[in-house]
Amino acid sequence: MLRKLALSPRILSLLILLFAATAFAQTTAKILGTVTDSSGAAIVAAKVTIKNTALAIERTAETNASGYYEVAALPPGSYTVQVQMNGFETQVAKNVTVEISNNVTQNFGLKVATTSEVVTVEATAPIIESTTITVGQTINQRTVQELPLNGRHFVDLALLIPGSVTAPQNGFLTAPLRGQGAFAVNTAGMREDAVNWMVNGINLNDMVQNQVTFQPTINTVSEFKVDNSTYSAEYGRNAGAIVTIATRSGTNQFH
């Protein structure tokens, strides 16, 4: 005998919160690279472990036939990348800094193991972004939290992005409202109502006015990135800049 399953308001609310938490964790940051031997040949099926102790994150991947690995959907932070393969030395790259909506390349060259030692390599930030053609800049957590702002509205920090200009006072969305700040920014010659706002990978646009639905308080913003030219194909809807916001997260340390 079949019976209908009625969801109580409490259960429905719990399901909504669970799905919301899953969506909240979405981001587009990646760590990728190649693993080769001393001759430059690809090492297949090497185990790559990526850890962030502060956020209690651990992800694993294996290199493919080309020695390539990729770990996506990582929140901003500092990571440790370890590569292991039977017959080769273990290598560890520490302090690999991941910024929001960025691809971090970390390559490894393994030598044949003579002992069980672990080799630590230095992670260095590349001067040129070679994995995408996106033009933009990240406003990091230190700038967000320490730069004094009149009104404490994070949108004002978008003026630090190359190509952004001070909007006229009679602008439609860029004219600051008392207590709320501006709701848009002019960058790279784009219209103020063509900006696509996203927080943790979730759309934050008012579909009627084409403006940010609400401004997250700057105390909750970890960092954000503005892509104002040739942004990735994963973004759509708007012809202007893409503003990706990451909110702050707790850690395993008491403070």
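Bear in mind the structure is a predicted one, so any value in this text is a computation, not a measurement.
Scanning all heavy atoms of the two residues, the minimum distance from Q141 to R248 falls at NE2-NE, 3.8 Å.
Between the N228 side chain and the I161 main chain, no donor and acceptor come within less than 3.5 Å of each other. Using modelled atom types, no side-chain atom of K225 and backbone atom of T244 make a donor-acceptor pair closer than 3.5 Å. Of the possible polar contacts, one joining the E223 side chain to the I100 backbone as a donor-acceptor pair under 3.5 Å is found.
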Mind listing the side-chain donor-acceptor pairs of residues 76-85 below 3.5 Å, one per line with the distance, residues two or more places apart or on another chain?
residue : atom : partner : partner atom : Å
Y79     : OH   : P75     : O            : 2.7
Q82     : NE2  : Q84     : OE1          : 3.4

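Side-chain atoms of T213 and D206 form no donor-acceptor pair, as typed in the model, at a separation below 3.5 Å. One side chain, S39 or D37, offers a donor N or O that lies under 3.5 Å from an acceptor on the other.
The hydrophobic cluster around Y68 extends to L32, counting ILVMFWY residues whose side-chain heavy atoms fall within less than 4.5 Å of a member.
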> Between L110 and I43, is a side-chain contact (heavy atoms from CB on, under 4.5 Å) present by the stated rule, with each step listed?
Replying inline: CA-CA 9 Å; L110 305 186; I43 297 180; 3.8 Å; yes
>> As a quick check of understanding, evaluate salt bridge (Lys or Arg N to Asp or Glu O under 4.0 Å) for E62 and K47, giving each step before the final call.
In response: CA-CA 5 Å; E62 283 191 357; K47 181 181 178 181; over 6 Å; no
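Each of V96, T34, V48 was compared with Q106 under the side chain to side chain contact (heavy atoms under 4.5 Å, CB included) criterion, and only V96 meets it. Shown are N103, V98, V104; of these, the side chain to side chain contact (heavy atoms under 4.5 Å, CB included) with K30 is made only by N103.
Within 6.0 Å of the CZ atom in R59, the count of heavy atoms belonging to other residues, nucleotides or ligands exceeds 12.
The side-chain hydrogen bond (donor to acceptor under 3.5 Å, both in side chains) check on N203 picks up N205, with sequence neighbours excluded. Remark: S38 engages no residue in a side-chain hydrogen bond (donor to acceptor under 3.5 Å, both in side chains) (not counting sequence neighbours). Taking the side-chain contact (heavy atoms from CB on, under 4.5 Å) definition, one finds that V243 meets it with V195, W197, F224, V226, I245, sequence neighbours left out. By the side-chain hydrogen bond (donor to acceptor under 3.5 Å, both in side chains) test, S164 pairs with T187, sequence neighbours left out.
Using a 4.5 Å cut-off on side-chain heavy atoms (C-beta onward), Q211 and E192 make no contact.
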